[in-house]
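What you see is a predicted model, and the numbers here were worked out from it, not measured in a lab. Letters A, B, ... are given to chains in the order of the sequence lines, protein chains preceding strands, and every chain is numbered from 1.
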Amino acid sequence: MAEIHNYTLNFGPQHPAAHGVLRLILEIDGEVIKRADPHIGLLHRGTEKLAESKPYNHSIGYMDRLDYVSMMCNEHAFVMAIEKMLEIEVPQRAQYIRVMFDEITRILNHLMWLGTHGLDVGAMSIFLYAFREREKLIDCYEAVSGSRMHATYYRPGGVYRDLPDKMPQYLESDFRTNKELAQMNKNRQGSLLDFIADFTEEFPKSIQQYDDLLTDNRIWKQRLVNIGIVTAKRAKQLGFTGPMLRGSGVAWDLRKKQPYSVYNQLDFDIPVGVTGDSYDRYLVRMEEMRQSNRIIKQCVAWLKDNPGEVMSDDHKVAPPSRVAMKDDMESLIHHFKLFTEGYCLPKGEVYCAIEHPKGEFGIYLISDGANKPYRVKIRAPGFAHLAAMDEMTKGHMLSDVVTIIGTQDIVFGEIDR
Amino acid sequence: MGKKFKKLIKNFSLSELRAGLGITAKELVNKKITVQFPEERTPISPRFRGLHALRRYPNGEERCIACKLCEAVCPANAITIESEMREDGTRRTTQYDIDLFKCIFCGFCEESCPVDAIVETQIFDYAFIDSREGSIINKARLLEVGDKNEDMINKTKLEDAKYK
């Protein structure tokens, strides 16, 4: 009988289910995966090296572009690392704004994940519904920072600007009657906080809708249940974090275990899975969205009651207000110094991690006392998850690879950096 | 036995698939959220960071004094400025280029400008930049964008002034 060899298949980098630029070399026997070898680096932009050549603040915008579906969380880790080194106080209000936008980002990320994961597995409509909600949150991003994705909103010492007390509205056009227009602008009458509060009221209904569409659906379950099982022990050994770890039943969340910002003042729960398969991770992420919604609600209530400063008044780090800059010589000098030279960090090193939607996102920063970092290392959660691709796919069918890529919630911006 | 029977009924009646299709059917008749783009636009925040513009004072004098702060602060090195003394003794730019290939639209240039000369407008559909060379916009074109949209720029910047 003729000897039959394993077949090698090149999956990606242009495969629509490869989530960007993942190139997988699959060794398959019939339709069963024998070995999966992810090749990375196609989206490498040298963010870490680039950060070494410019003042600290200049890199904030590049942090957005790491994991480009959870922008503000990346920024948060970076500015927190700088703040830790400088030992500066961040105003409470800025902390709450950050936490609120971190959680908005978490919902954004999970909605994106839900939509694309559904699309990969074969559920088309969930993608459209997820993006419908995403649009509202992206509007919040735009209202506050001026950009729909790459916000550059967090700064060492606080956030760039306070929340606006007016939401932009739909304008008249030939396509809409006045009545329709009034309906569309209904939730845009008040401030941004009112808009977000309205969203938090409506969002549980949307999650219920996703729930009804997917959770019990037999096709969805056939594709997800018992696919890519990772035991709790293995998940820890592989360096999993975030929903990937919690899906395996380990209640590890940096927001609870080493609370940063104001998370210790907020009330929320950590969902964990049982079996550690793709379906459990799906349930964990769904519940995380509900919990994020809860956190946002608490933040909105606090922010409404507590107006105040959103930026540190240490003008060696944070620029003075524009009015002060135009009136006052000293402020003008600070302004010029900050925007040309930046600020110097004391000699030393720092590691600062946050609970990013995908897991533990850390910034390791070494400073030699200059106005530029000596070295920045970015700990991207997706990297460790992708490394487990071989173990998770082994023995599964070809179509399950797509499910596993989806359940890992991979974004190449952060893996290739 | 009862539980098993219930499960069997549930399985054969395709209840969860029906529920899912019910949502689809409901959305079929629900109001659509589509925005008909060129004729109709989504709301744009006054903070929006779109195409750049150079502004003038109301008397027609250009604001930029070539302090080169924006050039220094630009993380992507997208701005190139050359300056010279003008006949009347003031310092002005002779060259002010923004390379839109490099620009990451972070808004630092606007933030740094001490005289509110370089701003980012609400224009995001700048297909009028038709050539590759045109994407490196020079001073004349930046001023032109500013002149054309001064009303809009003034309005949005005023709206947002109190937060800066």
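In terms of heavy-atom proximity, B:Glu27 sits nearest to A:Arg132 at OE2-NH1, 3.3 Å. The shortest non-hydrogen separation linking B:Glu40 to A:Ser173 is CG-OG, 3.6 Å. Here the shortest heavy-atom pairing between A:His335 and B:Leu69 reads CD2-CD2, 3.8 Å. The two residues B:Pro75 and A:His58 come nearest to each other via the heavy atoms CB-O, 3.5 Å. Nearest heavy-atom pair, A:Glu142 versus B:Ile44, reported as atom, atom and distance to 0.1 Å: OE2-CA, 3.3 Å. Listed here is the closest heavy atom pair of A:Tyr170 and B:Val35: CE2-CG2, 4.0 Å.
Of the listed residues (A:Leu338, A:Val144, A:Thr215, A:Leu128), the greatest number of heavy-atom pairs within a distance under 4.5 Å of chain B belongs to A:Val144. In terms of non-hydrogen atom pairs under 4.5 Å with chain A, the most contact-rich of B:Gly107, B:Cys106, B:Gly20, B:Pro114 is B:Pro114. Counting heavy-atom pairs under 4.5 Å between each of A:His150, A:Gln183, A:Met311, A:Arg322 and chain B puts A:Arg322 at the top. Top candidate by heavy-atom pairs under 4.5 Å with chain A, chosen from B:Asp116, B:Thr24, B:Thr42, B:Val115, is B:Asp116. In terms of non-hydrogen atom pairs under 4.5 Å with chain A, the most contact-rich of B:Ala72, B:Ala19, B:Ser15, B:Ser112 is B:Ser112. In terms of heavy-atom pairs under 4.5 angstrom with chain B, the leader among A:Gln209, A:Lys54, A:Glu135 is A:Gln209.
Contact check on B:Glu111 versus A:Arg155 returns a salt bridge, with a Lys/Arg side-chain nitrogen under 4.0 Å from an Asp/Glu carboxylate oxygen. Using a 4.0 Å cut-off between a side-chain N of Lys or Arg and a carboxylate O of Asp or Glu, A:Asp165 and B:Lys162 qualify as a salt bridge. Note on B:Asp160 versus A:Lys166: no salt bridge recorded, every NZ/NE/NH1/NH2 to OD/OE distance being 4.0 Å or above.
B:Arg47 places no side-chain N or O within 3.5 Å of a backbone atom of A:Ser147 that could act as its donor or acceptor partner. Judged by distance alone, the side chain of A:Arg218 and the main-chain N or O of B:Glu16 form no donor-acceptor pair under 3.5 Å.
Sparse packing is recorded around CD of A:Glu330, with 12 or fewer heavy atoms of other residues, nucleotides or ligands lying under 6.0 Å away. Within a 6.0 Å radius of CD in B:Glu84, no more than 12 heavy atoms belonging to other residues, nucleotides or ligands are found. For B:Lys32, the NZ atom is densely surrounded, since the number of other residues' heavy atoms within 6.0 Å is greater than 12. Counted within 6.0 Å of CD on A:Glu172, heavy atoms from surrounding residues, nucleotides or ligands total 12 or fewer; the atom is thus considered open. For B:Lys155, the NZ atom counts as loosely surrounded, since its 6.0 Å shell holds 12 or fewer non-hydrogen atoms of other residues, nucleotides or ligands.
For B:Ile33, the part lying under 4.5 angstrom from a heavy atom of chain A is the side chain only. For a residue to count as touching a neighbouring chain, one of its non-hydrogen atoms must lie under 4.5 Å from one of that chain's; by this rule B:Thr156 does not touch chain A. For A:Met184, the part lying near chain B is the side chain, with the backbone staying farther off; criterion is any non-hydrogen pair under 4.5 Å. Of the two parts of B:Leu17, only the side chain, counted from C-beta on, holds a non-hydrogen atom closer than 4.5 Å to a non-hydrogen atom of chain A. Contact of B:Ala76 with chain A is made through backbone and side chain together, with heavy-atom distances under 4.5 Å. For B:Arg49, the parts lying near chain A are the backbone and the side chain together; criterion is any non-hydrogen pair under 4.5 Å. Looking at A:Asp174, there are no atoms closer than 4.5 Å to chain B (heavy atoms on both sides), in backbone or side chain. Within the 4.5 angstrom heavy-atom criterion, no atom of B:Leu21 approaches chain A. Heavy atoms of B:Lys31 lying under 4.5 Å from chain A belong exclusively to its side chain. Residue A:Glu180 touches chain B through its side chain alone, counting heavy-atom pairs closer than 4.5 Å.
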With side-chain contact (heavy atoms from CB on, under 4.5 Å) as the test, would you mind laying out the steps for A:Arg65 and B:Ile104 before giving the verdict? CA-CA 10 Å; A:Arg65 287 156 177 83; B:Ile104 61 167; 3.4 Å; yes
side-chain contact (heavy atoms from CB on, under 4.5 Å), that's the test. Do A:Phe336 and B:Cys67 meet it? Break it down for me. CA-CA 10 Å; A:Phe336 264 77; B:Cys67 71; 4.2 Å; yes
Are A:Thr152 and B:Phe108 close enough, and set up right, to give a side-chain contact (heavy atoms from CB on, under 4.5 Å), and what steps lead you there? CA-CA 9 Å; A:Thr152 332; B:Phe108 281 180; 3.8 Å; yes
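One finds the CZ atom of B:Phe124 at 8.5 Å from the CZ atom of A:Arg148 (value rounded to the nearest 0.5 Å).
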